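To start, the structure under review is shown below, and the notes come after it.
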Amino acid sequence: MAAEAQRTVIENCSIATVDAHDTEYADGHVVIAGDRIESLGAGPAPEGLANVERRIDATGHLVTPGLVNTHHHYYQWITRGLATDHNLFDWLVALYPTWARIDEPMVYAAAQGSLAMMARGGVTTAMDHHYVYPKDSGDLSGAIIRAARETGVRFTLARGSMDRSEKDGGLPPDFAVETLEGALAATEATVKEYHDDSFGAMTQVAVAPCSPFSVSTELLREGAELARRLGVRLHTHGSETVEEEKFCHELFGMGPTDYFESTGWLGEDVWMAHCVHMNDSDIAAFARTKTGVAHCPSSNARLAAGIARVPDMLAAGVPVGLGVDGTASNESGELHTELRNALLINRLGAHREAALNARQALRLGTHGGARVLGRGDQIGSLEPGKLADLVLWKLDTLAHASIADPVTALVFGAAAPVTASFVNGRQIVADNRLLQVDEDAIARSTRAEAQRLARLAAR
């Protein structure tokens with residue numbers, strides 16, 4: 001680290017590094033120099049540090065890596081609270097006609113709302129799987145990326161697509177899909193314009209056809225070839241519901257995992273959302289190929305999709321991170337509450353109380369997510385040389401003060417306030433409020449755009 005780098009010193013805090021050894025400090029320090037973590041350890045920071053711009057007394061706080069969200073659909077922020085008693089397929093059929101009327105101002109406002117809610121709750125790396133591109137709707141990808149840059153989070157846009165509409169046996173309305181050629185060309189253009197493959201990249205792009213029941217086999221196969229030619233990651237939905245499994249067997253003569261493998265969609269450059277209905281051979285295939293999983297417990301519960309076999313995936317060596325999922329199926333829009341929900345919901349499964357513990361849940365939301373996004377060497381744990389993406393959780397209030405273990409307090413307790421959140425060493429949250437954007441203005445604009453979309457959909 002260059003000697004002239006400005007330093008921030010955080011002291012008197014508990015620290016959960018989430019490194020390979022789960023190193024923790026009951027009373028320690030973290031030194032940030034520029035955009036990197038320079039050092040950390042027990043007790044106070046070393047004396048004589050030069051260029052110390054700021055010292056933070058973090059008494060009563062736990063410091064963790066920033067949370068990493070691995071699956072989301074930002075545009076759904078303006079359709080929250082609809083179709084609340086539907087399973088996935090019925091929910092999609094109910095909402096696609098509304099979603100197909102989105103435009104650039106709506107998507108920008110929805111992205112602002114989604115990003116703001118996550119960032120104020122400790123997310124430092126976010127992603128968006130955007131796959132609805134109605135004709136003449138404007139620059140939707142550009143609007144989402146602009147919102148992420150303004151919020152200050154690290155961001156991956158999974159540039160989605162759909163080309164299998166109702167007339168082809170899919171779920172989306174005919175006017176809501178792209179052509180095969182159009183989807184591939186637009187995706188390639190988005191990668192070339194926005195993807196940054198550098199170590200500290202703030203914006204990356206993945207190739208992300210939506211799902212087996214909304215894209216053709218050709219789009220999946222050619223999308224995989226495109227991603228590997230461009231050197232970017234691949235993302236889609238997989239094995240989310242029993243209806244999807246039935247759909248794949250009826251249409252392709254095989255289950256989702258075998259179908260994905262036949263189209264080139266298993267590999268360490270791939271991650272899939274949900275993966276609820278996986279048998280032993282499916283999990284073994286993901287483990288063998290190092291295909292990642294975005295576990296979305298609240299959304300899976302909201303849509304009655306089922307309980308993903310996360311303990312079995314982890315035992316097999318499958319990379320697993322956490323996802324909010326779209327806020328039309330997880331209205332809270334928060335990731336820090338998914339730490340708790342992942343632990344509790346998985347304990348309802350076959351492994352019961354042994355399914356997950358607090359530290360495993362924290363790992364899913366930090367290093368697990370970083371690994372799924374292909375950035376485990378850069379973020380997701382607190383280690384010297386890694387990017388300075390970290391969060392200070394306040395645990396000395398009524399909500400948590402009587403819980404002795406800070407990681408248990410964070411995961412099992414109420415949603416903890418964020419006193420400070422840093423991305424690249426730059427603070428983006430202070431005392432549970434965003435610093436880079438106006439939350440109240442975003443609330444007003446999201447409400448206005450939600451009302452405009454509702455009027456359009458009612459016509």
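Sequential numbering from 1 along the given sequence is applied to the chain's residues. These numbers were taken from a predicted model, which means no experiment stands behind them.
- N424 and R154 share a side-chain donor-acceptor pair at under 3.5 Å.
- In this structure, W265 and F260 have tilted ring planes: the angle between them lies in the 30° to 60° band.
- Put simply, the residue from V391, V418, V123 that forms a side-chain contact (heavy atoms from CB on, under 4.5 Å) with L67 is V123.
- In this structure, the side chain of D19 does not engage the main chain of E383 through any donor-acceptor pair within 3.5 Å.
- Looking at E218 and R221, no side-chain N of the basic residue comes within less than 4.0 Å of a carboxylate O on the acidic one, giving no salt bridge.
- Below 30°, between 30° and 60°, or above 60°: for H130 and Y133 the angle between ring planes is above 60°, a perpendicular geometry.
- Side-chain atoms of S211 and S214 include a donor-acceptor pair closer than 3.5 Å.
- Listed here is the closest heavy atom pair of V293 and C275: CG2-SG, 3.8 Å.
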Inset, instruction - Check the pair H71 / H295 against ring-ring contact (aromatic ring centres under 6.0 Å, His included), numbers first and verdict last. - result: CA-CA 8 Å; H71 186 65; H295 176 45; over 10 Å; no
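- No side-chain heavy atom of H235 sits less than 4.5 Å from a side-chain heavy atom of M272.
- The shortest non-hydrogen separation linking N346 to P311 is OD1-CD, 3.5 Å.
- W77 carries R80 over the face of its six-membered ring, with the cationic atom under 6.0 Å from the centre and within 45° of the normal.
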Inset, instruction - Evaluate side chain to side chain donor-acceptor pair (under 3.5 Å) for N330 paired with S332, printing each intermediate quantity in order. - result: CA-CA 6 Å; N330 180 3; S332 78; 3.2 Å; yes
Inset, instruction - Determine, step by step, whether Q204 and R233 satisfy the side chain to side chain donor-acceptor pair (under 3.5 Å) criterion, reporting the C-alpha distance in whole Å, the side-chain angles of both residues, the deciding distance to 0.1 Å, and the verdict. - result: CA-CA 9 Å; Q204 296 196 327; R233 298 182 74 75; over 6 Å; no
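- Between the side chains of T419 and W393, no donor-acceptor pair is found at a separation under 3.5 Å.
- Salt-bridge check for E268 with R371: failed, with every basic side-chain N at 4.0 Å or more from each acidic carboxylate O.
- Here E331 pairs with R302 in a salt bridge; the nearest charged N to carboxylate O distance falls below 4.0 Å.
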Inset, instruction - Decide salt bridge (Lys or Arg N to Asp or Glu O under 4.0 Å) for R359 and D22; before the verdict, give the C-alpha distance in whole Å, the side-chain angles of both, and the deciding distance to 0.1 Å. - result: CA-CA 8 Å; R359 282 158 178 82; D22 273 329; over 6 Å; no
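- Judged by distance alone, the side chains of H72 and D128 never bring a donor and an acceptor atom under 3.5 Å apart.
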Inset, instruction - Go through the steps to decide whether R229 and E222 satisfy the test salt bridge (Lys or Arg N to Asp or Glu O under 4.0 Å), and finish with yes or no. - result: CA-CA 10 Å; R229 174 166 61 81; E222 294 184 37; over 6 Å; no
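- Here the shortest heavy-atom pairing between D325 and S299 reads OD2-OG, 2.6 Å.
- A donor and an acceptor atom, one from each side chain of Y259 and T217, are located under 3.5 Å apart.
- Taken to the nearest 0.5 Å, the CE atom of M162 stands 10.5 Å off from the CG atom of L219.
- Between N87 and T241 the shortest side-chain heavy-atom distance does not fall below 4.5 Å.
- Between F247 and F89, the ring planes lie perpendicular to each other; the angle is over 60°, past the 30° to 60° tilted range.
- Applying the ring-ring contact (aromatic ring centres under 6.0 Å, His included) rule to pairs touching residues 178-206 yields nothing, sequence neighbours excluded.
- Of all non-hydrogen atoms in I37 and S381, the two that sit nearest each other are CD1-O, 4.4 Å.
- With R7 contributing its side chain and V52 its backbone, the two residues share no donor-acceptor pair below 3.5 Å.
- With respect to R452 and D103, a salt bridge is recorded, a charged nitrogen being found less than 4.0 Å from a carboxylate O.
- Between I345 and A301 the shortest heavy-atom distance is CD1-CB, 4.1 Å.
- For K192, the salt bridge (Lys or Arg N to Asp or Glu O under 4.0 Å) test picks out E188, with sequence neighbours left out.
- The heavy-atom pair separating A16 from L382 by the smallest distance is O-CD1, 4.0 Å.
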Legend entry - Q378 and R36: CA distance, side-chain angles, deciding distance, side chain to side chain donor-acceptor pair (under 3.5 Å) verdict: CA-CA 10 Å; Q378 305 170 31; R36 306 292 177 95; over 6 Å; no
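- For the residue pair S298/E338, the side-chain donor-acceptor check at 3.5 Å is satisfied.
- Between the side chains of R426 and Q436, at least one donor-acceptor pair of N or O atoms lies under 3.5 Å.
- Both tests hold for R146 against Y108: distance to the six-membered ring centre under 6.0 Å, angle to the ring axis within 45°.
- Listed by first then second residue, pairs satisfying ring-ring contact (aromatic ring centres under 6.0 Å, His included) with a partner in residues 360-380 number zero, not counting sequence neighbours.
- Classified by interplanar angle (parallel below 30°, tilted 30° to 60°, perpendicular above 60°), the ring pair H129/H73 is tilted.
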